Amino acid sequence: MTTTATRAEYCVIACAEAWRGDGEVLASPMGLIPSIGARLARRTFSPDLLLTDGEALLLAPDGGVEGWLPYRRHLTLVTSGKRHVMMGASQIDRYGNQNISCVGDWERPRRQLLGVRGAPVNTLNNPVSYWVPKHSPRVFVEKVDMVCGVGYDRADGARYHRLPRVVSDLGVFDFDTPDHRMRLVSLHPGVSVERVAAATGFDLVVGDDVPHTREPTAEELRLIREEIDPRGQREREVAA
């Protein structure tokens, strides 16, 4: 097995790291790369994570059933900060406001998307990270056309509001700045600061020396390739 990680595998690692140190919380990854990342985190450095089938069952790392999560209990977790979601974003701005509803004026949108769904409740009641498989100025925008997920400039001190990180196919970002503006945390190998800046529709906070996203270990690569995603579906989502 080659030990050289692909861009998709760096993205998996970056998503997995979102759950590091969370303890016993419900991990709710939405999408392929976040799901692989959550399962990897559970098998390695975050063994207390709770994974579900998206309905009512708690799953073991091997996919077997290890418990039952009734809907009432699920809602308790959702509203008490005991859940960490990783969602997608059709648009996201410098403060973490996210849009998955429409493009253009909401009264007469140019394009209808998923709709608001549970984004407001998620972001105000439990930590939410984001995964963007194709980083571009159309996604990282100056102002979202409609606020679905609530950013730091609109959260108004909500008790459990926290946006730990944004992962894209170019790098990792967070909001750990004095005014909660988005900051470039790390670059995936082969990506430059200039490339990220050109693909972002607003000015990022960028330090003097931005590190690379950490490499997966040999064991993490084995788990990804042989046990979690042996069919290599991750490579279809992220361009090399």
Side-chain angles (χ1 to χ4, degrees), residues 1 3 5-89 118 122-123 125-133 160 162-169 172-174 185-186 188 213-238:
M1 180 181 70
T3 57
T6 65
R7 177 77 61 82
E9 289 163 344
Y10 274 97
C11 292
V12 168
I13 290 297
C15 287
E17 286 287 345
W19 285 284
R20 184 183 287 274
D22 275 2
E24 191 177 27
V25 302
L26 181 64
S28 295
M30 301 181 186
L32 177 63
I33 296 289
S35 295
I36 298 171
R39 291 175 64 188
L40 180 67
R42 168 69 188 272
R43 285 173 175 246
T44 54
F45 51 76
S46 293
D48 294 328
L49 283 181
L50 302 177
L51 301 176
T52 80
D53 65 349
E55 294 184 8
L57 299 178
L58 293 173
L59 302 180
D62 62 1
V65 177
E66 67 175 9
W68 179 53
L69 186 67
Y71 195 62
R72 182 186 298 273
R73 179 58 178 158
H74 193 146
L75 288 178
T76 300
L77 294 174
V78 168
T79 58
S80 61
K82 294 297 186 179
R83 182 186 188 217
H84 185 169
V85 179
M86 182 169 279
M87 301 175 63
N122 286 337
T123 47
N125 289 284
N126 44 239
V128 174
S129 294
Y130 292 107
W131 158 243
V132 178
Y160 296 117
R162 184 166 67 91
L163 307 177
R165 67 170 42 193
V166 178
V167 180
S168 81
D169 61 329
V172 180
F173 310 82
D174 69 12
V185 174
S186 70
H188 301 330
T213 304
R214 81 161 177 90
E215 293 184 12
T217 65
E219 175 61 9
E220 287 171 334
L221 282 179
R222 188 194 68 79
L223 287 169
I224 293 169
R225 296 173 180 179
E226 297 180 9
E227 299 190 25
I228 301 175
D229 184 31
R231 296 171 59 187
Q233 292 180 316
R234 62 195 176 278
E235 302 300 337
R236 303 175 190 174
E237 188 164 336
V238 179

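Since this is a predicted model, take the numbers as computed values, not measurements.
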Inset, instruction - Taking atom CD of E237 as the centre, report whether more than 12 heavy atoms of other residues, nucleotides or ligands fall under 6.0 Å from it. - result: yes

Legend entry - Residues L163, Y130; criterion side-chain contact (heavy atoms from CB on, under 4.5 Å); working and verdict: CA-CA 8 Å; L163 307 177; Y130 292 107; 4.3 Å; yes

Legend entry - Student check: side-chain heavy atoms of L26 and K82 closer than 4.5 Å: no

Legend entry - N125 side chain to R83 side chain, donor-acceptor N/O pair below 3.5 angstrom: no

Legend entry - Distance in Å, L50 CG paired with D22 CG, rounded so as to fall on 0.5 Å steps: 11.0 Å

Inset, instruction - In plain terms, say whether E235 and R7 are close enough for a salt bridge, that is, a side-chain N and a carboxylate O under 4.0 Å apart. - result: no

Inset, instruction - Would you indicate whether the side-chain heavy atoms of L49 and V25 approach each other to under 4.5 Å? - result: yes

Inset, instruction - Answer whether the closest heavy-atom distance between the side chains of E17 and V172 falls below 4.5 Å. - result: no

Inset, instruction - Would you check if E219 and R222 make a side-chain contact, meaning some heavy-atom pair closer than 4.5 Å? - result: yes

Legend entry - Closest non-hydrogen atom pair between L51 and A38, with its separation: CD2-CB, 4.1 Å

Legend entry - Non-hydrogen side-chain atoms of I13 and L40 separated by less than 4.5 Å: yes

Legend entry - Euclidean distance, L59 CG relative to T52 OG1, rounded to 0.5 Å: 6.5 Å

Inset, instruction - Can you measure from OG (S35) to CE (M30) and round to the nearest 0.5 angstrom? - result: 9.5 Å

Legend entry - Residue pair T44 / E220, side-chain donor-acceptor N/O under 3.5 Å: no

Inset, instruction - Take R225 and R234 through the test side-chain contact (heavy atoms from CB on, under 4.5 Å) and record every step on the way to the result. - result: CA-CA 10 Å; R225 296 173 180 179; R234 62 195 176 278; 3.2 Å; yes

Inset, instruction - Any chance you could measure C11, atom SG, to L32, atom CG, to the nearest 0.5 Å? - result: 11.0 Å

Legend entry - R214 vs Y10 side-chain heavy atoms within contact, under 4.5 Å: no

Inset, instruction - Nearest 0.5 Å please: distance from the NE2 atom of H84 over to the OG atom of S28. - result: 9.5 Å

Inset, instruction - Might you point out which heavy atoms bring G37 and A16 nearest each other, and give the distance in Å? - result: O-CB, 3.2 Å

Legend entry - Closest non-hydrogen atom pair, P216 against L221: CG-CD2, 3.7 Å

Inset, instruction - Find the distance between CD1 (I228) and CD (Q233) and round it off to the nearest 0.5 Å. - result: 13.0 Å

Inset, instruction - Compare all side-chain heavy atoms of W19 with those of S129 and state whether any distance is below 4.5 angstrom. - result: no

Legend entry - For the student: nearest non-hydrogen atoms of S168 and F173, plus distance: OG-CE1, 3.7 Å

